[in-house]
Amino acid sequence: MDQFYGYGIYAISLLTVGGMYAILTLGLNLQWGFAGLFNAGIAGFFAVGAYVTAILTKPEAPEHLGGYGLPMAPAIAVAMLVAAAIAWAIGRICIRLRSDYLAIATIGIAEILRLILKNETWATNGPRGISSIPRAFEYLPDPWDKLAFMALVLVTVLVIYLALEKAWRSPWGRVMTAIRDSEDAARAAGKDVESFRLQAFVLGSALMALGGAYYGQYTKYFGPDSSDPASVTFLVWVMLIAGGSANNRGAVLGAFLLWTIWSGTQIVTGWLPREISLFGVAIPDVPVRAAYLRIFLIGLVLQVVLQRYSKGILPETRPAVLGRRITRGPEPGRQG
Amino acid sequence: MATDADAALTVEGLKKHYGGVRAVDGVTFSIRKGSITGLIGPNGAGKTTTFNMIAGAEAPTAGRISFMGRDITGLPTHQLFHLGIVRTFQLPKEFAKLTALENLMAAAPDQPGEDILMNWLAPSRVRAREEEVLARAEETLKFLGLAHVRDVPAGNLSGGQKKLLELGRTMMTDAKLVLLDEPGAGVNPTLMNRIAEMIRTLNRDRGYTFCIIEHDMDLIASLCDPVIVLAEGRVLTQGSMAEVSRDARVIDAYFGGELA
């Protein structure tokens, strides 16, 4: 019985965190998949969401800014607005940059955000981070608290998915595709290219903050190491590319799939013996070493997926005009 | 020269310098409402640069451009579109992944569905406008003779079909001035005649004013009156094709000093 309880709790945690990653991946899909914006600073917006929510919802604490005791929903809304405002300010300056330069700029900005959050000790408690972050539904008895929180995350994923899918099938989605196809022609057709890009950048960043807000609540702790680029930015990128860029379903699929692999391998490394001997050579600290192999494994998964599905498992498709079925010609090949 | 009242577009003292290179060096002309005006000149005369400045793709170094009496100098392309100035490109720039139909639909103005929020808040308004845009796009496809490739991604169309699609983009809005950059380049003679016929129809039935850059003198002669000749960044002369082709300076500009 205890064992089944353990499996159940694990499944709930898998779906909860997988759902958070799905929110992040949907945000990145909005930026990269739809608008072609290379955001390499996902971890920065994620951290802003977590910190702002934590500070606004926690009771007074001597070691960091707080004591606002705001309810969950308005605190998350403020966190998303803060991330949106930061994205807007960055976007106003950087959105005209070509994708590779935008990537460099966003890496830099995420790093600046991380250093601010790490060093402004009066607000964030510095390297020690913020603990005892209130979580939604934690007053419910175990395991209902975890189930309710999982349901909250999954319902959020569903709502975001439906909203983005609606947008993708609309004239807005058509303009986004048009801009990626030919910026000049989009301008000649009266579209304000910068404004469309800025929208996608701001909305996507707000979603990343939402993912961070949930993550901070879930772990009840958030510090500078919680937004490690390897486990946030890198993993979310792999999720989107493997699942299928410019496909909302692909983004969600990639998030849950990669998270299952990432989390599952963590358990497997825990099972490994402390020391093994290979061809007579003793290798100590196997579980510790194996933990680093997981990043390698994620890269390998991406390679394998892209060998088999060059555009991700669920590639980009164009929705029919007004939902009416048509027989489309073949996809255009690459042209100069 | 046309008076201000019947000028669709007036260009005064337009200059574009790239460092020491004077690509356009004080060009002044006006385009009469309802005309099909040709812009010709040898390579390097500054035609395309002038065109790009009118279309908002490049900012002039000096000078003034006004449209229907309004100063439009330096306005970006997408704003000019909404004022009724629509351009095409010499090398067609299509939305490769969108179908021919969607390429036209994407060029329609005033679409509430292009505002992401409207799709969530007022889906019925979005849908109603989308139906109108669809009807207009279908009509335009028929006019262009592209109905059979309606659902083909534009990246797979032939060069000529892409050229037609460029023209079609101007028909999705109530364009007042259409800037055509070499509509005849890379097009076979049959299609060229069809394009010329469409230009005449749009000029006559919809009252479009055209400004055309073209190297094909037969096309210019059959379509355009007046013709403005540019050379070395300035206006050399203007008039009917018959007049300018008799002008010794024009022949000189095209063939250079050796033949003159």
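Labels below follow one simple rule: chain letters A, B, ... track the order of the sequence lines, proteins then strands, and each chain is numbered from 1.
The number of heavy atoms from other shown groups lying within 6.0 Å of CZ (B/Arg125) does not exceed 12. For A/Arg249, the CZ atom counts as loosely surrounded, since its 6.0 Å shell holds 12 or fewer non-hydrogen atoms of other residues, nucleotides or ligands.
Ranked by heavy-atom pairs shorter than 4.5 Å toward chain B, the options A/Ser170, A/Ala178, A/Ala167, A/Gly173 are led by A/Ala178. When the candidates B/Asn119, B/Ile116, B/Thr77 are compared by the number of heavy-atom contacts under 4.5 Å with chain A, B/Ile116 comes out ahead. When B/Arg127, B/Arg87, B/Gln79, B/Met172 are compared by the number of non-hydrogen pairs under 4.5 Å with chain A, B/Arg127 comes out ahead. Counting heavy-atom pairs closer than 4.5 Å to chain B, the top-ranked of the candidates A/Asp192, A/Val175, A/Asp181, A/Leu203 is A/Asp181.
Neither the backbone nor the side chain of B/Met118 comes within contact range of chain A, judged by heavy atoms closer than 4.5 Å. Residue contact with chain A, scored on non-hydrogen atoms closer than 4.5 Å, involves the side chain of B/Arg169 exclusively. For a residue to count as touching a neighbouring chain, one of its non-hydrogen atoms must lie under 4.5 Å from one of that chain's; by this rule A/Arg180 touches chain B with the side chain only. Contact annotation for A/Ser182: both backbone and side-chain heavy atoms come within less than 4.5 Å of a heavy atom of chain B. For B/Gln111, the part lying near chain A is the side chain, with the backbone staying farther off; criterion is any non-hydrogen pair under 4.5 Å. Contact annotation for B/Glu131: both backbone and side-chain heavy atoms come within less than 4.5 Å of a heavy atom of chain A. Only the backbone of B/Ala108 comes within less than 4.5 Å of a heavy atom of chain A; no side-chain atom from C-beta onward does. Within the 4.5 angstrom heavy-atom criterion, only side-chain atoms of B/Leu101, from C-beta onward, approach chain A. Only the side chain of B/Leu134 comes within contact range of chain A, judged by heavy atoms closer than 4.5 Å.
Between the B/Glu166 side chain and the B/Phe89 main chain, a donor and an acceptor come within less than 3.5 Å of each other.
Checked for salt-bridge contact, A/Glu165 and A/Arg169 meet the test: a charged N lies under 4.0 Å from a carboxylate O. Looking at B/Asp110 and B/Arg129, no side-chain N of the basic residue comes within less than 4.0 Å of a carboxylate O on the acidic one, giving no salt bridge. We find that B/Glu114 and A/Arg174 are not joined by a salt bridge, their nearest charged nitrogen and carboxylate oxygen being 4.0 Å or further apart. B/Arg136 has no carboxylate O lying under 4.0 Å from a charged side-chain N of B/Glu132, or vice versa, which leaves the two without a salt bridge. Ion pair B/Glu214/B/Lys47 not flagged as a salt bridge, since none of the NZ, NE, NH1 or NH2 atoms sits closer than 4.0 Å to an Asp/Glu carboxylate oxygen.
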**OP:** Could you go through the ring-ring contact (aromatic ring centres under 6.0 Å, His included) check for A/Trp168 and A/Tyr161 one step at a time?
**Re:** CA-CA 10 Å; A/Trp168 180 238; A/Tyr161 166 78; over 10 Å; no

